[in-house]
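Notes follow the structure.
Values below: every heavy atom of this structure, side chains too, minus hydrogens, waters and symmetry copies. Along the sequence shown, residues carry numbers from 1.
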Amino acid sequence: MQAPVISTTPFDGQKPGTSGLRKKVTTFQQPHYLENFVQAIFDTQTKLNGGILALGGDGRFYNREAIQIILRMAAANGVARVLVGQGGILSTPAASCIIRKYQTQGGIILSASHNPGGPDEDFGIKFNIDAGGPAPESVTNAIYERTRSIDQYRIIDADPVDLDQVGESRLGAMIVQVIDPVADYAELMSSLFDFEAIQQLFNSGHFRMRFDAMHAVTGPYAIEILEHRLGAEPGTVMNGVPLEDFGGGHPDPNLAHAQALVALTQGPDGLDFGAASDGDGDRNMVLGRDFFVTPSDSLAVLAANAQIAPGYKRGIAGVARSMPTSQAADRVAEAIGVNCFETPTGWKFFGNLLDAGKITLCGEESFGTGSDHVREKDGLWAVLFWLNLLAVKRQSVGEIVRDHWRRFGRNYYTRHDYEGIDSEAAEGLVNHLRILLPSLPGQQLGAFKVAFADDFAYTDPVDGSVAEQQGIRIGFECGSRIVLRLSGTGTQGATLRVYIEQYEADSAGHDRPVQEALAPLILIARELAQIEARTGRTEPDVMT
């Protein structure tokens, strides 16, 4: 079987962001576009020649076609074996599990995460290294540099591989092993959590929940684990069949995009527990009856109660959070005597800390939580952790979180997203703030006095690598913060994210509406950044 060499020319803008390369489907469908990026992976990740590759995606539109292209290119580039999820399905945390369990030389994950799917929507591709986590910047930079000079790629001519039947076949000299995408992940979850206690919770007759898979990748995982293994009633998993367009919905598990689930948890007859995950399965939302758990609080609560779960009964080595995530986890770490690390946004920054054994739990405010069991954030893992917590404590979600606030204080927290704004205007806004930074410390802004103001830079404590300009931080003497940064997860224009945080130690002040409690700081942020004048936006598109 021949392995033709196809001539090509570079495309502009194939630089991976915090979670790989994300563009519109129509961009990836251009002749040579996907092939150029994939060849850049094979050209720079030489261990894949003669090695094993994990491959799968979230089932969105173009997933199957892209997998067939990548398989033929892998065969042409000397990959010995590819482990591909049945039907082309593999959640992002499950892919990390597969990479680590079978010691592959890396993995290619096809997903645009929580972004919409469909012929006119988004697609994405990222490379995970052999430790199971997203490629660090040294790897993504090498891939990007190769895309800028690439002039050829290799691909064999072959019939499509049957992705729907578990088993082995050959593609040239390469073995294609189609695997059950759920089995290894489910086995890992059963080793971490007390499945018997959770089963008893479901069988008690006093507990009702729903998990919204949002017609995305976690449907098969949640049905197998929650309904089949843990005994939750059939129908506990909503929207459990992955669809190429996510059923026309937006697979982002937040209050704005999971409104049907939120409604089921409200009122005197509301569910005891609601949860959701996103397009590729790495994010989570946790709800109690009339109670939303912020991702920042979720990380802090799990850190404070980690020893309840069998997989963490010996305690945690440390905890890490992304810089925009609230400082709630910092207070837990200080109380239990472990380190808390503040990293840039992007799960890849947790990888070195996890591999070095410096942390056990980590999380981001963008609905991502995880631990050292894999090297990705893990939506269903977080839901199972909460179920284990509920099964042992026999309290409601709200009671657990309020008890936590009484012990550690409450970090009032919100994120305002301004989506699809003009990229030049967004850059101008950030540059305006950078100019202001040196003059801000010591200034009185309303009732708040500025203690520090900077553009966050991070030096990795393991390898010494430096990441600069990771977001504007304005900290106040009372411990409150305003953070502003541009997101790298969108495919059109720019997304400005504004994070507001205020600490309240007094339990008498723990039940105020969040937007009301933070209103003075929200106004300061809008005026300081000149958001309306520079973007034309009077209100954010999403508030969480």
Side-chain angles (χ1 to χ4, degrees), residues 19 54 56-61 63 85-98 107 109-117 124 179-190 192-193 195 198 209-230 232 234-247 249-254 257-258 260-262 264 273-287 295 298 347 363-364 366-371 373-374 376-388:
S19 295
D58 61 14
R60 69 177 56 234
F61 189 87
N63 189 71
Q86 186 179 18
I89 292 291
L90 208 57
S91 77
T92 292
S96 183
C97 169
I98 295 298
I109 301 173
L110 302 174
S111 174
S113 188
H114 55 292
N115 294 9
I179 62 172
D180 181 334
V182 177
D184 292 302
Y185 176 84
E187 180 184 4
L188 178 58
M189 293 302 103
S190 69
L192 297 174
F193 301 113
F195 273 24
I198 300 173
M209 78 162 284
R210 291 291 184 272
F211 177 91
D212 190 353
M214 309 191 85
H215 285 304
V217 79
T218 46
Y221 295 85
I223 291 170
E224 172 61 26
I225 295 173
L226 296 177
E227 296 186 9
H228 296 168
R229 300 198 182 199
L230 292 174
T236 293
V237 179
M238 305 163 51
N239 304 316
V241 178
L243 299 176
E244 288 189 335
D245 65 349
F246 306 118
H250 193 147
D252 192 354
N254 61 38
H257 298 303
L261 176 69
V262 173
L264 290 174
F273 186 60
S277 192
D278 71 327
D280 66 332
D282 62 359
R283 298 182 183 218
N284 74 91
M285 179 171 69
V286 172
L287 302 164
S298 183
W347 208 259
E364 297 182 329
S366 54
F367 294 80
T369 327
S371 85
H373 69 291
V374 291
E376 289 278 4
K377 49 184 175 278
D378 190 346
L380 191 50
W381 167 90
V383 173
L384 291 168
F385 209 142
W386 268 95
L387 284 170
N388 202 153

Handout entry: Pairs flagged by side-chain hydrogen bond (donor to acceptor under 3.5 Å, both in side chains) wherever residues 87-96 is involved - sequence neighbours left out
Key =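 Only T92-D280 qualify under side-chain hydrogen bond (donor to acceptor under 3.5 Å, both in side chains).
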Problem - side-chain hydrogen bond (donor to acceptor under 3.5 Å, both in side chains) partners of residues 179-189, not counting sequence neighbours, each pair once - result: K101-D184, K101-E187, Y102-D184, Y185-D378
Calculate, to the nearest 0.5 Å, the distance between atoms [atom1] and [atom2] belonging to [X] and [Y] respectively.
| X | Y | atom1 | atom2 | result |
| --- | --- | --- | --- | --- |
| D282 | S113 | CG | OG | 4.5 Å |
| D212 | L264 | CG | CG | 9.0 Å |
| D58 | H114 | CG | NE2 | 12.0 Å |
| W386 | M209 | CH2 | CE | 13.0 Å |
| H257 | M214 | NE2 | CE | 7.5 Å |
| F211 | N239 | CZ | CG | 10.5 Å |

Taking all non-hydrogen atoms of both residues, which atom of [X] and which atom of [Y] are closest, and how far apart?
| X | Y | answer |
| --- | --- | --- |
| G88 | N63 | O-ND2, 3.0 Å |
| A276 | L261 | CB-CD2, 3.9 Å |
| F193 | I198 | CB-CD1, 4.5 Å |
| P116 | P251 | CA-CD, 4.0 Å |
| C97 | L188 | SG-CD2, 4.0 Å |
| M285 | A258 | CE-CB, 3.7 Å |

Practice task
Report yes if some heavy atom in the side chain of L192 is under 4.5 Å from a heavy atom in the side chain of W381; otherwise report no.
Solution key: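 In short, these two side chains touch, coming nearer than 4.5 Å.
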Exercise for the section: Answer yes or no: is there a side-chain heavy-atom contact under 4.5 Å between E364 and R283? Expected result: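 No, their side chains stay 4.5 Å or more apart.
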Exercise for the section: For the pair F195 and M189, evaluate side-chain contact (heavy atoms from CB on, under 4.5 Å) and give the outcome as yes or no after the intermediate values. Expected result: CA-CA 9 Å; F195 273 24; M189 293 302 103; 4.1 Å; yes
Practice task
With S277 as reference, evaluate L380, T218, V217 under the side chain to side chain contact (heavy atoms under 4.5 Å, CB included) test and give the passing residue.
Solution key: T218
Completion exercise
Residues at least two apart in sequence or cross-chain that pass side chain to side chain contact (heavy atoms under 4.5 Å, CB included) with P220, listed by chain then number, are V182, P242
Handout entry: E227 (side chain) donor-acceptor with G235 (main chain) under 3.5 angstrom
Key = yes
Exercise for the section: Check whether any side-chain N or O of R60 sits under 3.5 Å from a backbone N or O of S111 as a donor-acceptor pair, and report yes or no. Expected result: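 No, because the side chain of R60 does not come within donor-acceptor range (under 3.5 Å) of the backbone of S111.
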